[in-house]
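Heads up, the thing below is written out as structure tokens.
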Amino acid sequence: MTSAFVTAKTGPARPAAATDAAAATDGSPAVPGHRIRVVVHAPDPISRAGALSQLRQHPVIDLRDASETGPGTVAVLIDDTPDEATFARLRRLVRGEGARAVLVVNTVREAELLDLVECGVGAVVWRHEATTQRLLQAVLAASRGDGDLPTDLLGRLLGQVRMLQRSAAGRSGPHATGVTTREADVLRLIAEGLDTAEIAGKLSYSERTVKNVMHGLTTRLHLRNRAHAVAYALREGYI
């Protein structure tokens with residue numbers, strides 16, 4: 001999802017000059033003077049120092065102390081493999097403090113894929129791929145509320161999506177809460193990896209309509225982003 005959590009980017013990010021480093025990778029213009037507040041959480045001083053060294057090279061990044069997390073801040077969490085402590089911290093940062101999360105890890109266990117998305121994580125970077133440009137790409141995506149997952153992780157996640165779809169296929173009767181048929185159609189296409197323009201083409205909507213559908217859904221159900229919306233829809237059996 002260029003638009004949500006199924007946008008997997010495997011190549012290096014495009015070099016960005018100081019004047020346009022804040023520009024979205026989809027070509028939208030930078031906001032003059034805009035800087036992205038970033039905090040780094042790491043299990044050891046070397047990992048933290050390395051991430052800080054990479055990020056401070058870009059004028060668009062405004063590095064803050066880990067205690068300064070707040071709404072709109074991008075929190076970069078570095079770990080080996082996410083565990084219960086990691087998920088607890090993610091929930092606190094994303095749901096409690098309004099941050100957007102980038103997770104830098106060695107691996108993610110199969111059983112934790114949907115939990116990761118449900119915590120509000122839309123950007124994941126493998127530690128062995130965490131170059132300066134790759135990390136910046138993930139931070140920019142998270143700051144916009146977009147998703148950025150490695151291709152192999154995306155494939156595993158979509159496999160779980162298909163399993164949940166099959167298990168929900170036998171369910172019948174109206175849903176108890178409010179995801180409309182149109183919203184479910186949009187979410188289903190997001191889960192299949194389509195971006196906003198492709199969804200609009202498939203459903204014969206305008207791109208603005210697709211964006212409005214998702215904005216209404218995430219606002220009404222208090223969902224963090226498209227990734228969280230898809231995870232919610234899967235859990236509840238809408239798609």
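Numbers here are sequence positions counted from 1. Owing to the predicted nature of the structure, the values given are computational and were not obtained by experimental measurement.
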Is there side-chain contact between Gln133 and Gln54, with at least one heavy-atom pair below 4.5 Å?
no
Paired with Leu116, the side chain to side chain contact (heavy atoms under 4.5 Å, CB included) test is passed by just one of Val105, Thr86, Val108, namely Val108
So how far is it from His228 NE2 to Thr218 OG1, rounded to the nearest 0.5 Å?
10.5 Å
Measuring from His58:NE2 to Leu63:CG, what's the distance to the nearest 0.5 Å?
10.5 Å
Would you please test Val74 and Val102 for side-chain contact (heavy atoms from CB on, under 4.5 Å) and show each step?
CA-CA 7 Å; Val74 175; Val102 173; 3.8 Å; yes
So which atom in Arg226 and which in Thr196 form the shortest heavy-atom distance, rounded to 0.1 Å?
NH1-OG1, 3.3 Å
4.5 Å side-chain heavy-atom contact, His41 and Ile78
no
Donor-acceptor pair, side chain of Ser53 and main chain of Gly50, under 3.5 angstrom:
no
Any side-chain heavy-atom pair of Gln57 and Thr132 under 4.5 Å:
yes
Point-to-point distance, once rounded to the nearest 0.5 Å, from CD1 of Ile199 to CG of Leu189
5.5 Å
Run the numbers on Thr73 and Ile36 for side-chain contact (heavy atoms from CB on, under 4.5 Å), then give the verdict.
CA-CA 7 Å; Thr73 300; Ile36 301 169; over 6 Å; no
Just do the side-chain contact (heavy atoms from CB on, under 4.5 Å) check on Val104 and Asp79 with the steps written out, would you?
CA-CA 6 Å; Val104 183; Asp79 208 342; over 6 Å; no
Closest non-hydrogen atom pair between Ala142 and Ala101, with its separation:
CB-O, 4.2 Å
Can you give me the closest heavy-atom contact between Leu223 and Ala229, atom names plus distance?
CD1-CA, 3.6 Å
Is a donor from one side chain sitting under 3.5 angstrom from an acceptor on the other, for Ser47 and Arg127?
yes
Just how far is it from atom CG of Leu93 to atom CG of Leu77, taken to the nearest 0.5 Å?
5.5 Å
So if you build clusters from Ile, Leu, Val, Met, Phe, Trp, Tyr with side-chain heavy-atom gaps below 4.5 Å, do Leu194 and Met214 land together?
yes
Pair Glu192-Lys202, salt bridge (charged side-chain N to carboxylate O under 4.0 Å, His left out): steps then yes or no:
CA-CA 12 Å; Glu192 291 176 4; Lys202 282 274 189 181; over 6 Å; no
Among all residues two or more places apart in sequence or in another chain, which pass the side chain to side chain contact (heavy atoms under 4.5 Å, CB included) test with Asp152?
Trp126, Pro150
Using modelled atom types and a 3.5 Å cut-off, is there a donor and acceptor pairing between side-chain atoms of Glu97 and backbone atoms of Val94?
no
For Val40 against Ala51, the heavy-atom pair lying closest together:
CG1-CB, 4.0 Å
Find the distance between CZ (Arg37) and CG (Asp62) and round it off to the nearest 0.5 Å.
7.5 Å
How close do Ala227 and Val121 get, counting heavy atoms only, and between which atoms?
CB-O, 4.4 Å
For Arg89, what residues pass the side chain to side chain donor-acceptor pair (under 3.5 Å) criterion, not counting sequence neighbours?
none
For a 4.5 angstrom cut-off between non-hydrogen side-chain atoms, does Thr209 reach Arg182?
yes
Side-chain contact test, heavy atoms from C-beta onward, threshold under 4.5 Å: evaluate it for Leu217 versus Leu187 and give yes or no.
yes
Of all the heavy-atom pairs spanning Ala138 and Val125, show the shortest one and how long it is.
CB-CG2, 3.6 Å
Dump the intermediate steps for side-chain contact (heavy atoms from CB on, under 4.5 Å) on Val39 and Asp65, then the final yes or no.
CA-CA 6 Å; Val39 299; Asp65 185 81; over 6 Å; no
Does the pair Arg188 and Asp185 meet the rule for a salt bridge (charged side-chain N to carboxylate O under 4.0 Å, His left out), with working shown?
CA-CA 5 Å; Arg188 188 175 298 108; Asp185 288 341; 3.1 Å; yes
If you measure from CD on Gln137 to CG on Asp148, what distance do you get to the nearest 0.5 Å?
4.5 Å
